[in-house]
There are 2 protein chains.
Amino acid sequence: MSKRQDLGSYGQFCPVAMAAEVLCSRWTLLVLRELLCGTTRFNDLRRGVPLMSPTLLSKRLKELEKAGVIAAVPTAQPGVFEYRLTEAGEDLRPVVMSFGSWGQRWVESSLSLRNLDPSLLMWDMRRRLDVTPLPLRRCVINFLFPEVNSAKRSWWLVVDGGSVDLCATNPGFDIDLFVRSSLRSMTAVWMGVSTVQKEIEARQIELIGDKDLAHSMQQWLGLSLFAKEKSRVSP
Amino acid sequence: MSKRQDLGSYGQFCPVAMAAEVLCSRWTLLVLRELLCGTTRFNDLRRGVPLMSPTLLSKRLKELEKAGVIAAVPTAQPGVFEYRLTEAGEDLRPVVMSFGSWGQRWVESSLSLRNLDPSLLMWDMRRRLDVTPLPLRRCVINFLFPEVNSAKRSWWLVVDGGSVDLCATNPGFDIDLFVRSSLRSMTAVWMGVSTVQKEIEARQIELIGDKDLAHSMQQWLGLSLFAKEKSRVSP
DNA sequence: CAGTATCCGATGCGATACTG
DNA sequence: CAGTATCGCATCGGATACTG
């Protein structure tokens, strides 16, 4: 009805309805999650929502811009933008967090763990990795998921001077720590439904290399934002 | 992919994604808003989402049941149910509240006020009316929206012994207070973006009848759950 | 009243290819 | 790399009618 993306198809003045018009379309909340994590570039956003088509992402970004949630700021290259949250967008953090907290509390982890994806996991881990327990020198950690097909089987996290890089091809540095794990176990640890220790004991994770790095893994592995939220699903 | 309503179409283990699968379909959040306000019966739910088809409401209720958010408990009449939130459903309150709070803060009220609906407004007012400032005897308040077509122009709130009834046809009681208002002004007051006093001064609301009732209107009118949230939209 | 069945149309969205 | 253009299906959801 209204010009701005039909901000009235529910026909209700209730602010819940108005917010739902903006936020409750497919993929939108996940794009916002990525933006709230600090991602600003189109193809970086895509890494966070790999199953979303670029066409649809482009469309959603325009919608969010129209809704006043993000601003597309031009870069040096013409036609290329950085997508930044406006104040209204930044204020969506509690909304997205409430979704995640609820999901962590009430969706069975066995269901979540059906959606394994090494790229997503590594991309998340890169973002949340905590460098404080790590030595100041460059550290290279290699993750190997034996059951995954070759292209996504092996990953390298290169931590250097506080910055973290993720590589899907061998960067050639010496490896400080080898992590060999089932994808499911590593994801479970990341989500906070298991721990490094437990998975090592269950022989699902194997660490080879620097002892200190190995012992502090539960620390430097930052874990998901929602890892501390306890499941409330009755078993 | 999974049997339970394809709880994996985003292909992500992230709890935000899992929650979005359950919650981010059309009308779902508004149905939940109604349930959280205490509504349990099919046709009462419909009053809260009048533009939603009964077929779709039925479908959504089944989905929510499958997701473990509500339970359909049989009533005395066979085939008739009460829809009650489970613990997981009750725990969605912060999610819905965060939507409403954000909407109230960031959606221009001029946009919300394009979606005027006297039935929705009165249905909401009935629910939130605060009986404590009212006398113990029966009180009948008549609302008149002159510009609205006849069927939805006149409404009666009958407050008696702590219970509030809403009638769209004259119940026949003596009227204690007549409220004559533009629908827009009454809605604006309800939403907290104006006040009874202001609208009276602007000659948009006119009160005739019991002086005490008239003076305490801003009190007994409960206002929307989000009325206290201040708009942050730059003017 | 409390829903269900059926139909059908719009459009949301996915797939693919293409451009600067 | 950073998106846009086009196509076409599938499904979502709206309208209407119907049942116990």
Side-chain angles (χ1 to χ4, degrees), chain A residues 1 5-12 17 20-31 34-35 39-67 70-84 123 166 168, chain B residues 1 5-12 17 20-31 34-35 39-66 70-84 123 168:
Chain A
M1 120 189 224
Q5 67 167 313
D6 198 18
L7 210 59
S9 66
Y10 288 129
Q12 303 199 180
E21 307 252 17
V22 175
L23 304 173
C24 284
S25 51
R26 187 158 167 75
W27 293 109
T28 300
L29 227 52
L30 301 192
V31 173
E34 294 303 303
L35 289 161
T39 303
T40 62
R41 302 299 287 264
F42 193 84
N43 279 351
D44 284 344
L45 289 169
R46 287 195 69 187
R47 298 188 67 166
V49 284
L51 297 187
M52 184 181 193
S53 77
T55 310
L56 188 54
L57 175 57
S58 177
K59 186 182 169 196
R60 286 285 180 272
L61 289 171
K62 288 192 196 323
E63 289 168 0
L64 289 173
E65 192 184 4
K66 215 179 252 177
I70 65 174
V73 316
T75 62
Q77 303 126 296
V80 177
F81 298 91
E82 280 200 336
Y83 302 96
R84 300 215 164 266
W123 183 243
L166 172 65
Chain B
M1 111 185 233
Q5 67 169 314
D6 199 16
L7 208 60
S9 67
Y10 287 130
Q12 303 199 181
E21 306 251 18
V22 175
L23 303 173
C24 283
S25 50
R26 189 158 165 74
W27 293 108
T28 301
L29 228 52
L30 302 192
V31 172
E34 293 302 304
L35 289 161
T39 302
T40 61
R41 302 300 288 263
F42 193 84
N43 279 352
D44 285 342
L45 289 169
R46 289 196 66 185
R47 297 188 69 165
V49 284
L51 296 187
M52 185 181 193
S53 76
T55 309
L56 188 54
L57 175 56
S58 177
K59 185 181 168 196
R60 286 285 180 270
L61 289 171
K62 287 191 197 321
E63 290 168 0
L64 289 173
E65 194 185 1
K66 217 179 251 178
I70 63 174
V73 316
T75 61
Q77 302 126 298
V80 177
F81 299 90
E82 280 200 336
Y83 301 95
R84 300 214 164 269
W123 182 243

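Nothing here was measured: the structure is a model prediction, and the numbers come from that model. Order of the sequence lines fixes the chain letters, A, B, ..., with proteins taken first and strands second; residue numbering starts at 1 for each chain.
The CG-C1' distance, from A:Leu57 to D:dA5, rounds to 16 Å in whole Å. Atom CZ in B:Phe81 sits roughly 16 Å away from atom P in D:dG20 (whole-Å rounding). One can place CZ of B:Phe42 at 6 Å from P of C:dG3, the figure rounded to the nearest angstrom. As rounded to whole Å, 15 Å separates atom C1' of D:dA15 from atom CE of B:Met52. One atom, CG of A:Leu51, and another, P of C:dT16, lie 13 Å apart when rounded to the nearest Å. Straight-line distance from the CD atom of B:Glu82 to the P atom of C:dC1: 16 Å, rounded to whole Å. Note: CG (B:Leu45) to C1' (C:dA2) measures 12 Å, nearest angstrom. Taking atom NZ of residue B:Lys59 and atom C1' of nucleotide C:dT6, one finds them 14 Å apart after rounding to whole Å.
A:Trp27 has no side-chain polar atom (N or O) that falls below the 4.0 Å cut-off from OP1 or OP2 of C:dG12. Listed pair A:Tyr83 / D:dG3 meets the phosphate criterion, a side-chain N or O lying under 4.0 Å from OP1 or OP2. In this structure, A:Arg60 does not reach the C:dG12 phosphate: none of its side-chain N or O atoms is under 4.0 Å from OP1 or OP2. Between B:Arg26 and D:dG14 there is a side-chain N or O to OP1 or OP2 distance below 4.0 Å. Contact annotation: B:Arg41 side-chain N/O to C:dA2 OP1/OP2 distance is under 4.0 Å.
Separation of atoms OG1 (B:Thr39) and OH (B:Tyr83) is listed at 13.5 Å; rounding is to 0.5 Å.
Closest of all the heavy-atom pairs between A:Trp123 and A:Gly48 is NE1-N, 4.0 Å.
Candidate nucleotides D:dC1, D:dG3, C:dG12 were compared by shortest atom distance to the side chain of A:Asn43, and D:dC1 ranks first. In the set C:dA2, C:dG14, D:dG3, D:dG3 carries the atom at the smallest distance from any side-chain atom of A:Pro54. Residue A:Ser58 has its side chain nearest to D:dG3 when only D:dG3, C:dG3, C:dG14 are considered. Checking D:dT6, D:dC12, D:dT16 against every side-chain atom of A:Thr55, the shortest atom distance belongs to D:dT6. Closest approach to the B:Leu56 side chain among C:dG14, D:dG13, D:dA2 is made by D:dG13 (side chain taken as heavy atoms from C-beta onward). Comparing D:dT4, D:dC12, C:dC1 by their nearest atom to the side chain of A:Lys62 picks out D:dT4.
Of the charged side-chain nitrogens involved, none lies within less than 4.0 Å of a carboxylate oxygen, so that A:Lys62 and A:Glu65 do not count as a salt-bridged pair.
Within the 3.5 Å criterion, the main-chain N or O of B:Met52 finds no donor-acceptor partner in the side chain of B:Arg26. Under the 3.5 Å distance criterion, the side-chain polar atoms of B:Ser53 are matched with a main-chain donor or acceptor of B:Leu56.
Between the side chains of B:Thr28 and B:Arg60, a donor-acceptor pair is found at a separation under 3.5 Å.
Using Watson-Crick or G-U wobble geometry with both donor-acceptor distances under 3.5 Å, D:dG20 finds its partner in C:dC1.
Among the atoms of the strands shown, none is found under 4.0 Å from any heavy atom of B:Arg46. Residue contacts for A:Ser25: at a heavy-atom cut-off of 4.0 Å it reaches no nucleic acid atom on any strand shown.
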